[in-house]
Amino acid sequence: MNTFLVGAQWGDEGKGKIIDVLTETNHVVCRAQGGNNAGHTVEFGSKKYVLHLVPSGILRPACICVIGHGTVIDPVSLAQEIRGLEEKGIKTRGRLFVSDRAHVVMPYHRSLDAGRESAARGKIGTTKRGIGPAYNDKASRVGLRMHDFINETVFREKTGERVKETNELCRLKGWKTVTPASIFKDYLPAARFLAPYVTDTVAMLHDLQRKKKNILFEGAQGTFLDIDCGTYPYVTSSNTTSSGLCTGSGLPPNHVDRVVGVMKAYTTRVGEGPFPAESQAISDMLHAWGREFGATTGRARRCGWLDTVLTRYAAMINGIDELAVTNLDGLDQLPEIKVCVSYKAGSRTLHSPPASIDEFSRCKPVFKTFKGWQQDTSNCRSFGKLPPPARSYLKAIAALTGARLRIVSVGPRRDQTFFL
Ligand code: GDP
Ligand code: IMO
Ligand code: MG
């Protein structure tokens, strides 16, 4: 059984937590797009882990983890992440496999990312991990891939060529330049460290499939950060929707058995870009509880009401079969809860997000108001145990989204979850 799991909003929906819960019944977890811009949090017992590029399944000792060719890999950061896990007693050798076709994020990609973000206009609010420039080189067919990276002769030769070209641009713009020597100092030890993990992951995934293993494909970011379907240009540089998991892993579309969409019971967004249902009151409330700070950059996330114009669109383009709603407990104290059901754009009513970011920024949310439950839900372990207004809210948001409610999460820990 092959399960795809995607974020239905702007990332940070709680994918890491749901992946961890689902990994109890899955043998393999595969990342297929994005890079260490992701931050997936998993909590169980008294332990908390944040995974950036290593699939969240690594925390289950029997699980095999694959980083597919659609990802972009910062090798120094990945080596550090693996070492950090090993130090905590989590074995990775023989369990973690990295595609030989994945592209490498180089220091000059981070310079370009930081440089563009420092410009007075056009800031995206990226994670500054070099993700956009790395995918840019891939699309321009000048990128370095993992098979190049672990071959020292090829790596030295290709790096020299690329540094020359990118430094010309950086000098012109006044951005930070890099030297091949400084790259080799950090990257060659990382290449030696990572080489044993690098393999043909397509052949591997297909072999695991033939052996009837359950494979979970762990989406990173969220639907509205998708380079094509998201709120362009305020997006990331990969396809974060379900089809990206096919192209990024080598699993054909007719082998996808189900798509799980993860969404918060409200909405959050990190970085720039329009957010029609944004609410300062919700942000203040959640931040005061120490919640909604980015797992990768520590930035305070912008928060707002649930936007079902977006989640409905996400259900449609991802083909979401089952919904996992997280952070229901974040709404516990509110007397009333609003949900955005459509947008007003001048005199027009919109039921899906417009292509133009200018038009999107002018959209006004049309809200439907629900009764709050003003009760702690974090100890509820079944749908029937939830206060009746919370049940009504969940049923309504699943209906508005147009997908079957399957999983509810009422706290960050593994055990604070139940299935319907
Ligand atoms: P991801 O990027 O989609 O994996 O999500 P993040 O890990 O970046 O952010 C989700 C945050 O919400 C993390 O801090 C999780 O521990 C936390 N979380 C997930 N589900 C719940 C929930 O149901 N309730 C609470 N209180 N926290 C949750
Ligand atoms: P997970 O997997 C939330 C956002 C950045 C920025 C935009 C582009 O944890 O849900 P990038 O560095 O990718 O070029 O930044 O995308 N972004 C995320 N927001 N969760 C993420 O990942 C994100 N990855 C990137 O904040 O707005
Ligand atoms: Mg995250």
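Order of listing sets the numbers, starting from 1, for every ligand and every atom in it.
Ion pairing between Asp74 and Arg129 fails under the 4.0 Å rule for side-chain N and carboxylate O. Salt bridge Asp307/Arg269: absent, no basic N to carboxylate O contact under 4.0 Å. One finds a salt bridge joining Arg258 and Glu322 here, because a Lys/Arg side-chain nitrogen approaches an Asp/Glu carboxylate oxygen to under 4.0 Å. In summary, Glu161 and Lys164 do not engage in a salt bridge, as defined by a charged side-chain N under 4.0 Å from a carboxylate O. Looking at Asp20 and Arg60, a side-chain N of the basic residue comes within less than 4.0 Å of a carboxylate O on the acidic one, giving a salt bridge. Under the 4.0 Å criterion applied to side-chain N and carboxylate O atoms, Arg381 and Asp415 are assigned as salt-bridge partners.
You'll find the side chain of Gln80 stays beyond 4.5 Å of the side chain of Arg83, heavy atoms only.
Residue-level check: among N/O/S atoms of Asp12, OD1 sits closest to the Mg ion (ligand 3).
Under 4.0 angstrom from ligand 2, the non-hydrogen atoms of Leu225 all belong to its side chain. Of the heavy atoms in Trp10, only backbone atoms (N, CA, C, O) come closer than 4.0 Å to ligand 2. Contact annotation for Glu43 and ligand 1: only side-chain heavy atoms (C-beta onward) come within less than 4.0 Å of the ligand. With a 4.0 Å cut-off on non-hydrogen atoms, Val235 touches ligand 2 through its backbone and not its side chain. Residue contacts with ligand 2, taken as heavy atom pairs separated by less than 4.0 Å, do not involve Arg269 at all.
His40 and Tyr49 have their aromatic ring centers separated by at least 6.0 angstrom.
By the 30° and 60° cut-offs, the orientation of the rings of Phe155 relative to Phe149 is perpendicular. The aromatic rings of Phe360 and Trp10 are tilted relative to each other, their planes meeting at an angle between 30° and 60°.
Any N or O atom pair closer than 3.5 Å counts here, and Gly39 shares at least one such pair with ligand 1. On a distance-only criterion, Lys17 and ligand 1 share no N/O pair closer than 3.5 Å. Considering both main-chain and side-chain atoms, Gly14 comes within under 3.5 Å of ligand 1 through a nitrogen or oxygen pair. In terms of polar-atom proximity, defined here as any N/O pair under 3.5 Å, Lys264 makes no such contact with ligand 1. Considering backbone and side-chain N/O atoms, Gly39 comes within less than 3.5 Å of an N/O atom of ligand 2.
Asn318 and Thr223 share a donor-acceptor pair across their side chains, judged by distance under 3.5 Å alone. No hydrogens or angles considered: a donor-acceptor pair under 3.5 Å links the side chains of Gln33 and Ser238. Side-chain N/O atoms of Thr268 and Asp12 include no donor and acceptor closer than 3.5 Å. A side-chain donor-acceptor contact under 3.5 Å links Lys17 and Thr417.
At least one heavy atom of Lys15 sits under 4.0 Å from some atom of ligand 2. Heavy atoms of Arg299 come nearer than 4.0 angstrom to ligand 2 in at least one pair. The shortest separation from a heavy atom of Gly7 to ligand 2 is not under 4.0 Å, leaving the residue out of contact. Within the 4.0 Å heavy-atom shell around ligand 1 one finds Gly411.
In terms of protein heavy atoms, atom 3 (C) of ligand 2 is closest to Asp12 OD2, 3.2 Å. With respect to atom 12 (O) of ligand 2, the closest heavy atom belonging to the protein is Thr127 OG1, 2.5 Å. Nearest to atom 13 (O) of ligand 2 among the protein's heavy atoms is Thr236 OG1, 2.6 Å. Here the protein heavy atom with the shortest distance to atom 27 (O) of ligand 2 is Val270 O, 3.0 Å. The protein non-hydrogen atom at the shortest distance from atom 15 (O) of ligand 2 is Thr126 CA, 3.3 Å. In terms of protein heavy-atom proximity, atom 23 (C) of ligand 2 is nearest to Gln221 CG, 3.6 Å. In this structure, the protein non-hydrogen atom closest to atom 7 (O) of ligand 1 is Thr41 OG1, 2.5 Å.
When the heavy atoms of Gly271, Gly14, Gly125, Gly34 are ranked by distance to atom 5 (C) of ligand 2, first place goes to Gly125. Looking at His40, Glu292, Gln221, Arg301 and measuring to atom 11 (C) of ligand 1, the nearest heavy atom belongs to Arg301. Summarising the contacts of atom 12 (O) of ligand 1 with Asp20, Thr296, Leu51, Asn327, the nearest heavy atom is found in Asn327. Comparing Gly7, Ala220, Gly16, Pro412 by heavy-atom distance to atom 4 (O) of ligand 1, the nearest is Gly16.
Applying the 4.0 Å criterion to heavy atoms of Ala220 picks out, from ligand 2, the atoms 2 (O). When each atom of ligand 2 is checked for a heavy atom of Ala38 under 4.0 Å away, the hits are 1 (P), 2 (O), 9 (O), 22 (O). Counting atoms of ligand 2 from 1 in the listed order, those under 4.0 Å from a heavy atom of His40 are 1 (P), 2 (O), 9 (O). Every atom of ligand 1 with a heavy atom of Thr326 under 4.0 Å away is listed here by number and element: 20 (N), 23 (O). When each atom of ligand 2 is checked for a heavy atom of Ile124 under 4.0 Å away, the hits are 27 (O). Short contacts between ligand 1 and Arg291, defined as distances under 4.0 Å to a heavy atom of the residue, involve ligand atoms 25 (C), 26 (N).
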Check your understanding: When you look at Leu251 and Leu245, which way does the side-chain contact (heavy atoms from CB on, under 4.5 Å) test go after all the steps?
Key -> CA-CA 8 Å; Leu251 187 93; Leu245 295 177; over 6 Å; no
Practice item. Begin with the C-alpha distance, continue with both residues' side-chain angles, and end with the deciding distance and a verdict on side-chain contact (heavy atoms from CB on, under 4.5 Å) for His255 and Leu205. Key: CA-CA 12 Å; His255 289 203; Leu205 281 172; over 6 Å; no
Exercise for review: Could you give me the CA-CA distance, side-chain angles and deciding distance for Ile320 and Arg404, then say whether side-chain contact (heavy atoms from CB on, under 4.5 Å) is met?
Suggested key: CA-CA 8 Å; Ile320 294 175; Arg404 178 183 164 218; over 6 Å; no
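For the residue pair Val202 and Ser249, the shortest heavy atom distance occurs at CG2-O, 3.7 Å. Nearest approach of Ser99 to Thr201, heavy atoms of both residues: CB-OG1, 3.3 Å.
Distances from the Mg ion (ligand 3) show that Ala38 has no N/O/S atom below 2.8 Å.
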